[in-house]
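Below is one structure, written out as structure tokens; comments come after it.
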Amino acid sequence: MTQPPDEPPRTDADYFALNRAGWDRRAEAHFQSSFYDVDGFLAGNTSLREIELAELPQVQGKRLLHLQCHFGLDTLSLSRRGASCTGVDLSPTAIDKARELAARACLDAEFVCSNVYDYVRSEHTDPFDIVFTTYGVLCWLPDLDRWAKVVAENLSPGGIIYLAEFHPVIDLLSGWGYFGAGTPDVVEEGTYTDGGEAVRTTLATWAHPLSRVLTALIDQGIVVQRVSEYAFSPYDCFDGLVEREPGRFYRQHEGKDAPLVYTITGRKPA
């Protein structure tokens, strides 16, 4: 990963435009990759991993909002489990692919192309029972207070937020900061799927410590019910990972397992 040669944009709108273009390119490549295994999904496999499958409550009959859904694999896997799903992503290409995938899989889900901050339910749409967002999502957002406000505004009373995210300690081990500096890191890099070095894009990311994520939700009145940390990633998407057990990728620091994933479950008071 390298710093891009040109001066980075200066406003959040510029950064979002930069990321939208990058994720448009990534969505095209990811849809064809073995990493995401679209063919396996169409054959009946789920894209959900053991962590969220163990922790997420029953979704049958629930209205579910999936923020930063990429091209909708998890959204549609949740639809298969009986949820009524809406997926939101800033990339038009990703949303087009999600709609294509839904049609090919004969699954019913709504997909909305929108920045998280700009997403607004239609006036005739009820709040959701579950807001779901997972793996590599918060680093694309500069302001977690605005994110948590969107979560709270879209949850029904008694509804839950479920977040599974890569642990910010990974950034520290990779030479980046743990505590956000306000301005993003702007880098030019390939993507994490097979053949990813050929898909080089310039992207802006923001660091958020775990405490900041929790506080943003608490400040919006969300009652945090569970926080879990895991010594493995369900995805082989970082340098130095070793698959010690099937589907569990570990990384050590000075001979000890590093935390690679955390999850938060919270509830909006009834």
Side-chain angles (χ1 to χ4, degrees), residues 1-38 47 65-76 86-104 109-120 132-144 146-147 150 165-166 168 170-171 174-177 180-208 235 237-239:
M1 138 183 353
T2 59
Q3 296 289 344
D6 299 325
E7 183 179 351
R10 295 180 178 273
T11 70
D12 285 351
D14 290 331
Y15 292 129
F16 286 138
L18 190 72
N19 287 344
R20 185 182 303 112
W23 278 99
D24 279 346
R25 288 198 63 204
R26 284 186 165 196
E28 289 281 1
H30 291 179
F31 198 76
Q32 306 299 327
S33 69
S34 61
F35 183 97
Y36 280 95
D37 189 19
V38 167
S47 63
L65 175 65
H66 183 184
L67 296 177
Q68 295 169 274
C69 69
H70 199 21
F71 61 82
L73 272 179
D74 283 0
T75 319
L76 294 169
T86 298
V88 178
D89 199 90
L90 89 165
S91 163
T93 300
I95 291 299
D96 286 344
K97 293 294 186 184
R99 291 169 178 160
E100 174 190 335
L101 190 58
R104 290 171 64 184
E110 179 184 9
F111 289 101
V112 179
C113 187
S114 174
N115 185 312
V116 169
Y117 297 148
D118 297 332
Y119 173 70
V120 179
F132 174 92
T133 187
T134 57
Y135 301 113
V137 287
L138 298 184
C139 65
W140 309 107
L141 303 175
D143 186 342
L144 291 190
R146 291 178 67 189
W147 166 78
V150 171
E165 180 60 290
F166 293 120
I170 297 173
D171 291 335
S174 301
W176 301 100
T183 56
D185 293 308
V186 180
V187 297
E188 180 184 283
E189 61 182 2
T191 188
Y192 47 84
T193 60
D194 36 298
E197 275 305 305
V199 188
R200 297 194 66 80
T201 56
T202 301
L203 299 165
T205 62
W206 290 263
H208 303 293
Y235 297 99
C237 57
F238 300 109
D239 292 336

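Model, not experiment: these values are computed from the prediction.
Here CG of L138 is found 6.5 Å from OG1 of T133. Values are rounded to the nearest 0.5 Å. A distance of 11.5 Å separates CG of D185 from CG of L203, quoted to the nearest 0.5 Å. We find the NZ-CG distance between K97 and D89 to be 14.0 Å, quoted to the nearest 0.5 Å. We find the CG-SG distance between N19 and C139 to be 8.5 Å, quoted to the nearest 0.5 Å. For the atom pair R146 CZ and L141 CG, the distance stands at 9.5 Å (nearest 0.5 Å). Between atom OG1 of residue T205 and atom CH2 of residue W176 there is a gap of 6.5 Å, rounded to the nearest 0.5 Å.
Across all non-hydrogen atoms, the minimal contact from L18 to T202 is CG-O, 3.4 Å. Nearest heavy-atom pair, H208 versus P168, reported as atom, atom and distance to 0.1 Å: O-CB, 3.7 Å. Shortest non-hydrogen contact noted between P142 and W140 is CD-O, 4.0 Å. Between L90 and P92, the shortest heavy-atom distance links the atoms O-CD, 3.3 Å. Closest heavy-atom contact between F132 and T134: CZ-CG2, 3.4 Å. In terms of heavy atoms, A207 sits closest to G177 at CB-O, 3.7 Å.
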- request: Kindly indicate, with the supporting measurements, whether the criterion side chain to side chain contact (heavy atoms under 4.5 Å, CB included) is fulfilled by V199 and T193.
  value: CA-CA 10 Å; V199 188; T193 60; over 6 Å; no
- request: Begin from the C-alpha positions of T191 and T201 and carry the test side chain to side chain contact (heavy atoms under 4.5 Å, CB included) through to its verdict.
  value: CA-CA 8 Å; T191 188; T201 56; over 6 Å; no
message: Run the side chain to side chain contact (heavy atoms under 4.5 Å, CB included) test on F31 and T93 for me, step by step, so that the C-alpha distance in whole Å, both residues' side-chain angles and the decisive distance to 0.1 Å come before the verdict.
response: CA-CA 10 Å; F31 198 76; T93 300; over 6 Å; no
field: E189 vs R26, salt bridge (charged side-chain N to carboxylate O under 4.0 Å, His left out): CA-CA, chis, key distance, verdict
entry: CA-CA 11 Å; E189 61 182 2; R26 284 186 165 196; 3.4 Å; yes
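Under the rule for a side chain to side chain contact (heavy atoms under 4.5 Å, CB included), the partners of A102 that lie at least two apart in sequence or sit in another chain are L76, F111. Scanning for ring-ring contact (aromatic ring centres under 6.0 Å, His included) contacts around F238 gives F166, with sequence neighbours left out.
Taking the six-membered ring for Trp and thresholds of 30 and 60 degrees, Y235 and F35 have nearly parallel ring planes, at less than 30 degrees apart.
Contact annotation: the side chain of Y117 never approaches that of D12 to less than 4.5 Å [non-hydrogen atoms, C-beta and beyond].
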Give every donor-acceptor pair under 3.5 Å between a side-chain atom in residues 67-74 and any protein atom, sequence neighbours left out.
{"from": "Q68", "atom 1": "NE2", "to": "V137", "atom 2": "O", "distance (Å)": "2.8"}
{"from": "H70", "atom 1": "NE2", "to": "H30", "atom 2": "ND1", "distance (Å)": "2.9"}
{"from": "D74", "atom 1": "OD1", "to": "S47", "atom 2": "OG", "distance (Å)": "2.5"}

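Proximity of a side-chain donor or acceptor of E165 to a complementary backbone N or O of G136 within less than 3.5 Å is detected.
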